[in-house]
Amino acid sequence: MALARIPRPPREPAPVFGGETLWPEGDPGRPGPARVVQVVAGDFLLTINPVDGSEVAQCPPEERRAPARRTPQDRLRQAKDRRPQLPPGPRAPELPLLEREEERERLVRLLARGRSVRVTGPSGAGRSSLLDVVADACADLAPDGILRLSGYRRTSADLLQDLFSLVYEADGYRPDRPRLLELLSDVGAIVVLDDLEFGGTALEELLNAVPECAFLITATPDVAAPASDSLIEEVFLPGLTRVACLALLEHVVERPLDEEEAAWAADLWFESEGLPLRFFQAGALLRQRDVLRNPIEAEQEWDDSVWTSGSGPEDAGPFDAEPAGRIPLPSLAESAAPAELLASRLSEAAQQALDFAVALDGECPHPSHLPALVGDTHGDAALGEIAACGLAVPVASHYRLAAGVRQQLSVGLSTEAEDTALAVSAAQHYAWWAGHPSVAPERAATEAEAILAAMAACRDAGHPSNAVLLARTAAPAFAGALHWSAWERALRIGQESARLAGEVAEEAYFHHELGVLALCTGALDRARAELEASIALRGALADRQGTLVGRRTLALVNDRSSGSVALTLPGAGLEIPGAGPDSHLAASAAPGRDSYEPPVTVISKRLASGGVPARRTARTVFGNSRRNLLAAGAGAALAAIIGTVVTLGTSAGSSENRNVPNNVKPVESAQPDDQNAGLPADQQTSDGATSPKPGASSKGATATTQPATAGGMSSVPGSGSQTSSTPGHTPSTKPGTTGGGSGSPTHPTPPTHTTPPPTTDPPPTTTPPPTTTPPPTTDPPTTGGTGTNP
């Protein structure tokens, strides 16, 4: 049987914009242009542009923040503003802390010695109540007092940023990790951290980031434990005893229990293992039962400034009071899962608010949104009704359904189709509200969990377009409020929803924003991948402005990822990626420096042990010593001079016979230089030919040509042709000599050589200087370098 619904006079109609009834903060008005917010993230100046995408640039000096410490009073006010305010409506009785004195003394003793403690217990065991009592007892133990944080849906980086914003006054500034650790290194406080959702290495990093702080942490048993070598103390919080549970139930009902109720409470204690939340909900069942037994008295007690009670029972609506004996106590099954029974006795607005909470994955909307969502001007009191019966509990800066309530209500209150319709309605409402000019980014961040739940529900229910619209509106607000974990979750949901909906432009926007976020957090590889995906999509859409913004951001990512300035040496055509701005080469390559020297490239030739030239390699000499550069330059100059001498000598030796045609057959070649070794100079011939055999007569010296092997051929480094004449030797044959295969005089034949045809080589212009050539040797040089064969 439902409770009596007290008639209340209607309030003034809420303003209507775009077909929705809304309660935005500030003066009501239509949405204005898109808000552009600038924040400083480390060394970057982040301009959050909801239209084309955020832009990142190096932060100029005038935009850099100088954090200043807050006063103790300011810190207390900040901590109070972050906690959820009591919603309007009926008030639940204040509960005492029963049978927790031993745990309280132990925690205070450990914190006084500077030890960090983690209190572990199931949901509904009273962990948050114990933290409040311990925090009050430890207020004067640390220089910076008590700093309260919430770990609900928070990462380690988010908690460090929250801690920084509590201690320092620097709005719109999110320092990078090195600067953040530097600012928090001297903070000495007791950090009360409720509802932590991570452990292990991440928890150790959080503790080490603020070494002068002692942490008092609460977590559920399913959260990962600290590291094995961690110094954090573990305290398990069990349920209450039977006596304490009965005392707690009497305190909630505000009257003593009769014999039947005491027996019913004993059975409940055995089933619930003494969890205080379960007895708080049981007390709400008994209070509703008392209202059913005495509706007129309950109506008078329930009246406050919000409602106006009627003058008699006829004003209370259709309600039939029943004797107390005809209203039985809840069964054990109803007591074990009391959410459905409790919800059935609430007002219609409270039941609709519960439906929205179930559709939003247990996240309760703020009371200011309930009038628009439930369609009742008095809907802001619905959350007070829900919290007064133990169905909702405060978490972080908002309210959430208690543990197990959503599972119990998901079957009895609404169907899947109704949940989808409620999620779409909430998404449309939040999309309008988050984009309203009167709503500050910090205010939108307090509703982050409900907004994200509405996005995910629309995406999973087959309405991705609504999720895209909400993500486009809320994500810039989360970024402006520096709530970056919520920003990333919104972008991920929006990107996936845009892909499902086929909205390519929106998908490109979300890829760009994810790249900007990754750049600001130092994940350069991920930033490059996201930005390249965004540029490709925007290029396909011919979005010139968006592509330009993406390319500028990608260029900044590439500069960051290189880690140093890429140095290109003029004239060398080479790039030295490892030369930073402080290196010697970077200093010498800077314009306007007198010490700049052009790069030197040395091409060396190495011969193998068998005399075969090794593979030519080009090496660029660079280093940190100027002596190496000078030595390399001298070596290069020497190589160039010797190469010039060799070339000119060859040209000069062949110029004497330039007008004589070449009679060497294609299958013939010159003798190797080694065959001339040991012969007199007058018997040596050019190109390796020997003097005529004995018995051959002629007017002069005769010359014969014999096949030669290729081993006597030498090459000039860097040239593409080979010559058989040895540098420094002159032809020994004279014009008019005869020779033949049989040694008898024949027609005069010109000397043989392997110089190119006369039509291809220009006449020599200079005469080579006389050089002294040592006698030829047959041993090849053992080392490469700039020397030549003698």
Holding to side-chain hydrogen bond (donor to acceptor under 3.5 Å, both in side chains), I want the full list of residues that pass it with [X], two or more places apart in sequence or in another chain.
X: Arg489; answer: Glu449
X: Ser123; answer: none
X: Glu261; answer: Arg255, Arg289
X: Ser150; answer: none

(request) Using the side-chain contact (heavy atoms from CB on, under 4.5 Å) rule, take Arg148 and Arg82 through it: C-alpha gap first, then chi angles, then the decisive distance, then the call. (result) CA-CA 9 Å; Arg148 301 185 65 98; Arg82 294 186 179 189; over 6 Å; no

For the [atom1] atom on [X], are there more than 12 heavy atoms of other groups (residues, nucleotides or ligands in this structure) within a distance under 6.0 Å?
X: Glu101; atom1: CD; result: yes
X: Glu442; atom1: CD; result: yes
X: Phe270; atom1: CZ; result: no

[X] side chain to [Y] backbone, donor-acceptor under 3.5 Å:
X: Ser425; Y: Ala421; answer: no
X: Glu385; Y: Leu346; answer: no
X: Arg278; Y: Ala336; answer: yes
X: Arg400; Y: Asp361; answer: yes

Where [X] and [Y] come nearest, the two heavy atoms and their spacing:
X: Thr473; Y: Gly435; result: CG2-N, 3.2 Å
X: Ile451; Y: Ala444; result: CD1-O, 4.1 Å
X: Ala137; Y: Arg104; result: CB-NH1, 3.9 Å
X: Phe478; Y: Leu452; result: CE1-CD2, 4.2 Å
X: Leu373; Y: Ala426; result: CD2-CA, 4.2 Å
X: Leu166; Y: Ala79; result: CD2-N, 4.1 Å

(message) Under 3.5 Å, is there a donor on one side chain and an acceptor on the other for Glu271 and Ser335?
(response) no

(message) Hydrogens and angles aside, do Asp132 and Ser129 bring a side-chain donor and acceptor to less than 3.5 Å of each other?
(response) no

So how far is it from [X] [atom1] to [Y] [atom2], rounded to the nearest 0.5 Å?
X: Leu160; Y: Arg154; atom1: CG; atom2: CZ; answer: 12.5 Å
X: Trp433; Y: Leu470; atom1: CH2; atom2: CG; answer: 10.5 Å
X: Cys364; Y: Phe356; atom1: SG; atom2: CZ; answer: 12.5 Å
X: Arg127; Y: Leu237; atom1: CZ; atom2: CG; answer: 8.5 Å
X: Trp487; Y: Leu482; atom1: CH2; atom2: CG; answer: 9.5 Å
X: Leu329; Y: Asp258; atom1: CG; atom2: CG; answer: 7.0 Å

Got [X] and [Y] here, is their nearest side-chain heavy-atom distance under 4.5 Å?
X: Pro371; Y: Thr377; answer: no
X: Arg77; Y: Asp81; answer: yes
X: Leu98; Y: Val243; answer: no
X: Ser368; Y: Arg443; answer: yes
X: His483; Y: Pro441; answer: no
X: Leu196; Y: Phe215; answer: no
X: Val374; Y: Asp355; answer: no
X: Val223; Y: Arg118; answer: yes

Salt bridge (Lys or Arg N to Asp or Glu O under 4.0 Å) partners of [X], counting only residues at least two apart:
X: Asp194; answer: none
X: Arg242; answer: none
X: Arg106; answer: none
X: Glu197; answer: none

(message) If you apply the rule salt bridge (Lys or Arg N to Asp or Glu O under 4.0 Å), what do you find for Asp290 with Arg287, and how did you get there?
(response) CA-CA 5 Å; Asp290 292 341; Arg287 286 191 287 111; over 6 Å; no

(message) Angle between ring planes, Trp432 versus His436, binned at 30° and 60°: parallel, tilted or perpendicular?
(response) tilted

(request) Can you label the angle between the Tyr152 ring and the His398 ring as parallel, tilted or perpendicular, going by 30° and 60°? (result) tilted

(message) Show every salt bridge (charged side-chain N to carboxylate O under 4.0 Å, His left out) that has at least one partner inside residues 465-477, sequence neighbours left out.
(response) Arg472-Glu506

(message) Could you walk me through whether Tyr430 and Met455 satisfy the side-chain contact (heavy atoms from CB on, under 4.5 Å) test, starting with their C-alpha distance in whole Å, then the side-chain angles of each, then the deciding distance to 0.1 Å, before giving a yes or no?
(response) CA-CA 10 Å; Tyr430 279 122; Met455 290 184 204; over 6 Å; no

(request) Please identify each residue that fulfils side-chain contact (heavy atoms from CB on, under 4.5 Å) with Ala359, with sequence neighbours left out. (result) Asp419, Leu422

(request) Give the intermediate values and the outcome of side-chain contact (heavy atoms from CB on, under 4.5 Å) for residues Leu193 and Leu206. (result) CA-CA 11 Å; Leu193 181 55; Leu206 177 63; 4.0 Å; yes

(request) Decide side chain to side chain donor-acceptor pair (under 3.5 Å) for Ser165 and Asp162; before the verdict, give the C-alpha distance in whole Å, the side-chain angles of both, and the deciding distance to 0.1 Å. (result) CA-CA 5 Å; Ser165 60; Asp162 294 342; 4.7 Å; no

(request) Evaluate salt bridge (Lys or Arg N to Asp or Glu O under 4.0 Å) for Asp195 paired with Arg153, printing each intermediate quantity in order. (result) CA-CA 9 Å; Asp195 298 318; Arg153 302 289 177 86; over 6 Å; no

(request) Just do the side-chain contact (heavy atoms from CB on, under 4.5 Å) check on Leu292 and Arg345 with the steps written out, would you? (result) CA-CA 10 Å; Leu292 295 175; Arg345 296 174 176 177; 3.9 Å; yes

Side-chain donor/acceptor pairs under 3.5 Å, residues 388-395, sequence neighbours excluded:
none

(message) Among residues at least two apart in sequence or on other chains, which ones pass ring-ring contact (aromatic ring centres under 6.0 Å, His included) with His251?
(response) none

